[in-house]
Undergrad: 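Got a structure here, written out as structure tokens. Questions coming.
One-based numbering along the sequence shown.
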Amino acid sequence: MKILVLSNLYPPFQLGGYETACKNTVEGLRQRGHSVHVLTSPSHYPGENDPPYVQRTLTLRNFHSAQINGHHGVLRRFESSLSNITNTVVFTELITKLRPDCIYFWNLIGIGGMGLLDAANRLEIPWVFHLMDDVPAAMRRGMGLPALSLFHAAHGEIYRQGRIIAMSQNLLNEIKRLSGITFTGHLEIIPGWVDTNRPVMTRSYQAGNITRFVNAGTMDNKKGVDLILNAAQRLTGNGLTKFQIDLYGPGNISHYIDHCKAVGLADHVRFHGPQPQQNLLSIYEKADAFLFPTWEREPFGFAPVEAASMGCLPVITATCGIAERLVHGVHCLKIERTTEGLLQAMTDIMTGRIDLANLGMCCQKITRQDLSFKTCLDQIEKILAGAAVPFRDRRIQLWKETALTLMKHNLAAQYFLQQSDQIP
């Protein structure tokens with residue numbers, strides 16, 4: 001297959017798992033013999049050389065819709081979510097040059113995603129949209145029905161011609177709740193994954209009678225860092241002091257370090273900053289449990305899957321996306337997202353009520369099966385193959401498409417600007 005991939009960001013310029021997963025999938029498909037070309041935005045990392053199949057010519061208006069709320073940057077919001085005429089023209093021109101069998105959309109926030117989807121529909125190019133966040137809801141937020149209607153996006157009609165891959169039912173439920181969109185066409189749920197060829201191993205736990213907890217992600221309240229520290233403080237107050245918590249990732253680290261010093265946790269909690277994925281896998285192999293009291297809307301969560309692959313038991317919010325794939329008491333411990341819920345799980349682990357060796361073995365096995373990269377890539381490849389249609393019989397009048405793109409963009413912008421004062 002000849003596949004054109006679109007993503008707002010592409011490593012090494014990335015925010016998290018969405019971009020990493022995109023790159024993993026691109027490289028996996030190429031290794032299987034498919035011709036894959038990536039269209040994305042420029043990277044701000046100097047000295048990085050992209051492979052020839054990565055083209056960084058899209059204009060990125062922002063990373064995430066939440067950063068452009070309010071009454072400032074009105075046109076910027078429009079170009080980020082609804083239509084960026086330059087990007088749509090670049091996209092159309094590249095289609096005529098590459099002649100892809102299928103378009104594979106990833107995160108479209110910041111690059112005028114509605115206009116890109118509408119162009120693919122108008123040109124009748126088959127496409128697949130891989131959702132790892134609430135992108136459809138975010139793109140329509142505050143745009144207004146008249147402007148959305150020009151792109152057949154007022155009630156989700158824009159998605160009927162394509163195929164949707166979502167990480168979890170939790171994510172689909174959130175999109176419906178926030179936008180009213182229910183995908184009525186071809187829909188598949190494919191979870192997050194871990195790519196490992198390492199065989200299942202027998203490993204030790206709680207070396208030296210110390211329980212080692214770990215977390216990796218953004219250091220903020222949404223990801224549960226405050227809950228982890230609160231639970232740790234309660235553990236010491238209950239006389240349970242033989243534990244260590246290691247936290248990896250970016251964020252407001254200095255704030256949390258000061259907090260730990262103030263409440264007497266400096267000897268139990270360490271902050272290490274971001275780490276490469278391979279380093280983290282080695283860290284998980286020596287840790288006992290991965291703490292993931294993330295917010296309930298978490299679409300999935302790659303980090304706990306990676307930890308599970310090394311026999312490090314995930315302790316997860318019971319309603320987040322990954323909870324759909326793991327069984328409580330078999331592959332993980334599911335908790336209410338409260339200090340008390342996390343405290344109970346940590347206490348049970350420290351006091352030996354949880355058979356870490358048995359659960360750790362089950363964790364490893366599921367990541368070699370349902371949650372393995374190979375299994376997920378097999379499913380992705382099948383969906384792309386089912387969508388793909390040879391390009392050879394298509395005729396695109398580029399001048400006509402450019403004129404229509406300009407007309408839609410300008411008219412939608414007028415509608416949007418007329419009601420911009422009412423946008424929250």
Undergrad: In residues 89-96, what donor-acceptor pairs under 3.5 Å come from side-chain atoms, sequence neighbours left out?
TA:
{"unit_1": "Thr92", "atom_1": "OG1", "unit_2": "Thr88", "atom_2": "O", "d": "2.8"}
{"unit_1": "Thr96", "atom_1": "OG1", "unit_2": "Glu93", "atom_2": "O", "d": "2.6"}

Undergrad: With rounding to the nearest 0.5 angstrom, report the OG to NE2 distance, Ser254 to His259.
TA: 13.5 Å
Undergrad: For the pair Arg212 (side chain) and Ala289 (backbone), establish whether a donor and an acceptor sit closer than 3.5 Å, ignoring hydrogens and angles.
TA: no
Undergrad: Tell me if the aromatic rings of Phe78 and His409 count as close, with their centers under 6.0 Å from one another.
TA: yes
Undergrad: Distance alone, cut at 3.5 Å: any donor-acceptor contact between the side chains of Asn410 and Gln414?
TA: no
Undergrad: How would you list, by chain and number, every residue that makes a side-chain contact (heavy atoms from CB on, under 4.5 Å) with His255, sequence neighbours excluded?
TA: Asn252
Undergrad: Hey, does Arg61 have a side-chain heavy atom less than 4.5 Å from the side chain of Asn84?
TA: yes
Undergrad: Under 3.5 Å, side chain of Lys408 to main-chain N/O of Leu150, donor-acceptor pair present?
TA: yes
Undergrad: Begin from the C-alpha positions of Leu247 and His272 and carry the test side-chain contact (heavy atoms from CB on, under 4.5 Å) through to its verdict.
TA: CA-CA 6 Å; Leu247 303 173; His272 302 271; 5.8 Å; no
Undergrad: Assess whether side-chain hydrogen bond (donor to acceptor under 3.5 Å, both in side chains) is satisfied between Asp226 and Tyr256, documenting all intermediate values.
TA: CA-CA 8 Å; Asp226 295 73; Tyr256 286 116; 2.7 Å; yes
Undergrad: So which heavy atom on Leu131 is nearest to which on Pro136, and how close?
TA: CD2-CD, 3.7 Å
Undergrad: side-chain hydrogen bond (donor to acceptor under 3.5 Å, both in side chains) between Thr402 and Thr405: does it pass, once the steps are laid out?
TA: CA-CA 5 Å; Thr402 301; Thr405 294; over 6 Å; no
Undergrad: Which heavy-atom pair separates Leu82 from Met114 by the least distance, and what is that distance?
TA: O-CB, 3.3 Å
Undergrad: Sequence neighbours left out, cut at 3.5 Å: what donor-acceptor pairs do the side chains of residues 303-323 make with other protein atoms?
TA:
{"unit_1": "Glu306", "atom_1": "OE2", "unit_2": "Gln277", "atom_2": "NE2", "d": "2.5"}
{"unit_1": "Ser309", "atom_1": "OG", "unit_2": "Glu306", "atom_2": "O", "d": "2.6"}
{"unit_1": "Thr317", "atom_1": "OG1", "unit_2": "Thr294", "atom_2": "N", "d": "3.0"}
{"unit_1": "Thr317", "atom_1": "OG1", "unit_2": "Thr294", "atom_2": "O", "d": "2.7"}

Undergrad: Answer yes or no: is there a side-chain heavy-atom contact under 4.5 Å between Pro126 and Asp101?
TA: no
Undergrad: Compare every heavy atom of Ile111 with every heavy atom of Leu116, then report the nearest pair and how far apart it is.
TA: CD1-O, 3.7 Å
Undergrad: Is the side chain of His268 donor-acceptor paired with the backbone N or O of Phe243 at a distance under 3.5 Å, no angle test?
TA: yes
Undergrad: Can you tell me if Glu157 uses its side chain to pair, donor with acceptor, with the backbone of His155 under 3.5 Å?
TA: yes
Undergrad: Rounded to the nearest 0.5 Å, what separates atom SG in Cys260 from atom CD in Gln233?
TA: 9.5 Å
Undergrad: Side chains of Gln55 and Thr57: any donor to acceptor distance under 3.5 Å?
TA: yes
Undergrad: Ion pair present between Arg270 and Asp246, side-chain N to carboxylate O less than 4.0 angstrom?
TA: yes
Undergrad: Check Leu15 against Glu19 and note the closest heavy-atom contact, atom names and distance.
TA: N-OE1, 2.9 Å
Undergrad: Flag the pair Tyr53 / His37 as yes when their ring centroid distance falls below 6.0 Å, and as no otherwise.
TA: no
Undergrad: Any salt bridge linking Asp133 with Arg297? Criterion: basic side-chain nitrogen under 4.0 Å from a carboxylate oxygen.
TA: yes
Undergrad: With heavy-atom distances below 4.5 Å as the criterion, would you say the side chains of Tyr159 and Thr182 are in contact?
TA: no
Undergrad: Under 3.5 Å, is there a donor-acceptor pair between the side chain of Ser149 and the main chain of His152?
TA: no
Undergrad: With distance as the sole criterion, is a donor-acceptor pair present between the side chains of Asn8 and Tyr18 under 3.5 Å?
TA: no
Undergrad: Distance alone, cut at 3.5 Å: any donor-acceptor contact between the side chains of Thr20 and Gln14?
TA: yes
Undergrad: May I have the step-by-step check of side-chain contact (heavy atoms from CB on, under 4.5 Å) for Trp127 and Leu117, ending in yes or no?
TA: CA-CA 9 Å; Trp127 56 264; Leu117 287 167; 4.1 Å; yes
Undergrad: Show the numbers, then the answer: is there a side-chain contact (heavy atoms from CB on, under 4.5 Å) between Met143 and Phe416?
TA: CA-CA 6 Å; Met143 292 297 108; Phe416 175 74; 3.6 Å; yes
Undergrad: Give me each pair satisfying salt bridge (charged side-chain N to carboxylate O under 4.0 Å, His left out) with a member in residues 375-386, each pair once, sequence neighbours excluded.
TA: Arg32-Asp378, Arg32-Glu381, Lys374-Asp378
Undergrad: Just say parallel, tilted or perpendicular for the rings of Trp193 and His130, cut-offs at 30° and 60°.
TA: perpendicular
Undergrad: What residues, two or more places apart in sequence or in another chain, satisfy salt bridge (Lys or Arg N to Asp or Glu O under 4.0 Å) together with Arg122?
TA: Asp118, Glu401
Undergrad: For Asp348 and Gln344, which I'm curious about, is there any donor-acceptor pair between the side chains at under 3.5 Å?
TA: yes
Undergrad: Is Asp134 salt-bridged to Arg141, going by a charged N under 4.0 Å from an acidic O?
TA: yes
Undergrad: Considering only heavy atoms from C-beta outward, does the side chain of Arg337 approach that of Leu342 to under 4.5 Å?
TA: no
Undergrad: Is any side-chain heavy atom of Cys102 closer than 4.5 Å to one of Val128?
TA: yes
Undergrad: Has the side chain of Ser83 got a donor or acceptor atom that lies under 3.5 Å from a matching backbone atom of Gly115?
TA: no
Undergrad: Quick check: closest heavy atoms across Met1 and Ala388, and the distance to 0.1 Å?
TA: SD-CB, 3.9 Å
Undergrad: Counting C-beta onward and ignoring hydrogens, is there a side-chain heavy-atom pair between Thr375 and Gln379 closer than 4.5 Å?
TA: yes
Undergrad: Taking it one step at a time, do Ile228 and Ile245 satisfy side-chain contact (heavy atoms from CB on, under 4.5 Å)?
TA: CA-CA 9 Å; Ile228 291 172; Ile245 301 176; 4.0 Å; yes
Undergrad: Less than 4.5 Å apart, any side-chain heavy atom of Met132 and any of Phe300?
TA: no
Undergrad: Sorted by first residue and then second, give each salt bridge (charged side-chain N to carboxylate O under 4.0 Å, His left out) pair with at least one member in residues 307-325; sequence neighbours left out.
TA: none
Undergrad: Would you mind reporting whether Leu39 and Val5 have side-chain heavy atoms less than 4.5 Å apart?
TA: no
Undergrad: Any donor-acceptor pair under 3.5 Å linking the side chain of Asn121 with the backbone of Ile158?
TA: yes
Undergrad: To the nearest 0.5 angstrom, please state how far the NZ atom of Lys223 sits from the CG atom of Asn221.
TA: 12.0 Å
Undergrad: Measure across Val330 and Cys362 and return the closest heavy-atom pair with its distance rounded to 0.1 Å.
TA: O-CB, 3.2 Å
Undergrad: For the pair Arg56 (side chain) and Asp50 (backbone), establish whether a donor and an acceptor sit closer than 3.5 Å, ignoring hydrogens and angles.
TA: no
Undergrad: Kindly check if the number of other-residue, nucleotide or ligand heavy atoms within 6.0 Å of CD (Glu296) is above 12?
TA: yes
Undergrad: Has Thr218 got a side-chain atom pairing as donor or acceptor with Gly251's backbone, closer than 3.5 angstrom?
TA: no
Undergrad: Are Glu298 and Lys222 within salt-bridge range, i.e. N to O under 4.0 Å?
TA: no
Undergrad: Between the main-chain N or O of Phe183 and the side-chain N or O of Lys176, is there a donor-acceptor pair closer than 3.5 Å?
TA: no
